[in-house]
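Here is the structure we will look at, set down as structure tokens.
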Amino acid sequence: MNRIRRVGVVGCGVMGAGLAEVCARAGLDVLVAVSRPGRVAAGRERLVRSLDTAARKGKLAEADREAALRRVSFTADLRDFADRQFVIEAGPERESVKLDVFATLDKVVEDEQAVLGSNTSSFPIIQLGRVTDRPGKVIGTHFFNPVTVLPLVELVGSVLTEEETATTAEAFVTGVLGKQVVRTKDRSGFVVNALLIPYLLSAIRMYESGMASLADIDKAMKLGCAHPMGPFGLIDLIGLDIVEAISESLYGEYREQHYSPPPLLARMVSAGLLGKKSGRGFYDYAPAAGTTMKAAA
Ligand code: CAA
């Protein structure tokens, strides 16, 4: 039987909130760390909204919704993670933040067998392991957005990750969270993003070349390839800043042109047009834009 009952999630953005929800719905005690006390309300609201959606769509009974909410608590102090048995870091894709978080987790998490996972989509797992005295316990646990809906987790072991850590993590995400796992090496992009990101970047380059409109490129991939979303809808869902960070990581590792971030992507990130989470990306999600997405770029 799985011994893991107390989980810590670092960050309560799109991915952190999704992870907290999936863990709470699996019956675990979840402690979510936000960057400062003022961020708790926004984190909780994100969680409540998603639980409400699940209830509305008939995926969650009202009593289970309440129970899940009761299992999640918040802190702005990572020292409260002392008793956690499995931690998933889902903070911003910024090197200094991630290194700080892992160095702190190493000091505060008391259980030497605890797994320290990261949801990073672009940062080498070995670098996170190296700032700790327990690199064997550090592993990439890469979930997909929306976490509540998509079944995949990429498990990414660094050259120092112990096999026991990978086995424990795999048993936990499959047996307790009900996800499915693929194992991948600690290389930029892992499996999914190494294939997905060049496709998304190609869509931006195609749009910049004037070949077709945003809406038609999305329509083409939805109707022609049965993708649930077109590339621009998907970039907006992932977040333009995240797509840029992964693109830079892939380009930095392989120096291949098709991984390099197109200028339009960089300009939009500079302008704060980060996609759905900021209210506008390639499409406009502001309430005034109506219920359907309106091309904004
Ligand atoms: N809890 C449980 N189930 C939920 C839910 C929740 N909070 N919210 C929605 N669902 C369920 C719905 O009930 C529905 O299930 P059924 O089909 O059984 O009814 C299903 O999820 C789809 O939801 P909707 O009907 O509301 O929405 P949709 O059909 O428009 O689908 C979408 C929306 C799930 C986002 C779909 O378009 C999709 O899968 N898109 C692709 C997303 C994708 O590729 N994500 C990966 C991004 S890459 C990444 O994340 C990694 C990275 O590092 C960048």
Side-chain angles (χ1 to χ4, degrees), residues 4 6-13 15-16 19 31-35 75-144 153-173 181-194 197 241-256 259:
I4 296 163
R6 296 183 301 279
V7 173
V9 176
V10 183
C12 202
M15 296 304 287
L19 289 165
L31 180 57
V32 180
V34 289
S35 52
T75 179
D77 187 347
L78 273 184
R79 282 175 299 188
D80 293 336
F81 274 36
D83 68 348
R84 298 295 105 178
Q85 299 163 305
F86 199 112
V87 178
I88 309 173
E89 178 277 327
E93 289 290 291
R94 281 205 302 277
E95 180 170 352
S96 57
V97 177
K98 293 211 184 284
L99 296 181
D100 262 10
V101 167
F102 273 82
T104 308
L105 289 173
D106 186 35
K107 288 195 193 83
V108 303
V109 175
E110 286 169 0
D111 181 351
E112 288 175 2
Q113 295 308 311
V115 173
L116 305 183
S118 173
N119 190 57
T120 184
S121 42
S122 61
F123 204 71
I125 303 304
I126 185 61
Q127 292 196 33
L128 304 177
R130 276 186 53 214
V131 295
T132 73
D133 285 334
R134 44 177 131 178
K137 299 295 174 206
V138 175
I139 189 164
T141 46
H142 187 217
F143 290 72
F144 291 79
V153 180
E154 288 178 315
L155 268 194
V156 190
S158 81
V159 285
L160 295 180
T161 304
E162 292 160 9
E163 176 52 30
E164 190 195 347
T165 305
T167 310
T168 305
E170 181 160 356
F172 175 70
V173 297
V181 155
V182 295
R183 289 202 189 192
T184 152
K185 290 208 167 110
D186 186 16
R187 301 286 185 277
S188 183
F190 314 137
V191 171
V192 171
N193 283 329
I197 296 298
D241 52 337
I242 303 294
V243 173
E244 185 187 40
I246 304 169
S247 161
E248 280 167 350
S249 162
L250 283 162
Y251 186 66
E253 184 130 306
Y254 297 108
R255 301 281 161 196
E256 288 173 15
Y259 291 132

Looking at E154 and R187, does any basic side-chain N land under 4.0 Å from a carboxylate oxygen? no
With side chains defined as the heavy atoms from C-beta onward, is the minimum distance between [X] and [Y] less than 4.5 Å?
| X | Y | value |
| --- | --- | --- |
| L99 | L128 | yes |
| F143 | V173 | yes |
| V87 | V115 | no |
| F81 | T104 | no |
| L250 | S247 | no |
| F102 | S118 | yes |
| D106 | R134 | yes |

If you compare all heavy atoms of [X] against all heavy atoms of [Y], which two are closest, and at what distance to 0.1 Å?
| X | Y | result |
| --- | --- | --- |
| G129 | P135 | O-CB, 3.6 Å |
| R183 | A166 | NH1-CB, 3.5 Å |
| D186 | G157 | CB-O, 3.6 Å |
| N193 | H142 | ND2-CE1, 3.4 Å |
| L78 | A33 | CD2-CB, 3.7 Å |
| D80 | L31 | O-CD2, 3.3 Å |

Inspect the surroundings of CD in E112 and state if more than 12 heavy atoms from other residues, nucleotides or ligands are less than 6.0 Å away.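 Result for CD/E112: open.
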Tell me whether R6 at atom CZ has more than 12 heavy atoms from other residues, nucleotides or ligands lying less than 6.0 Å away. yes
Under the side chain to side chain donor-acceptor pair (under 3.5 Å) test, residues paired with S122 that sit two or more places apart: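 Side chain to side chain donor-acceptor pair (under 3.5 Å) list for S122, sorted by chain: E93.
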E163 and side chain to side chain donor-acceptor pair (under 3.5 Å): which partner among T165, T161, T167?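 Answer after filtering T165, T161, T167: T167.
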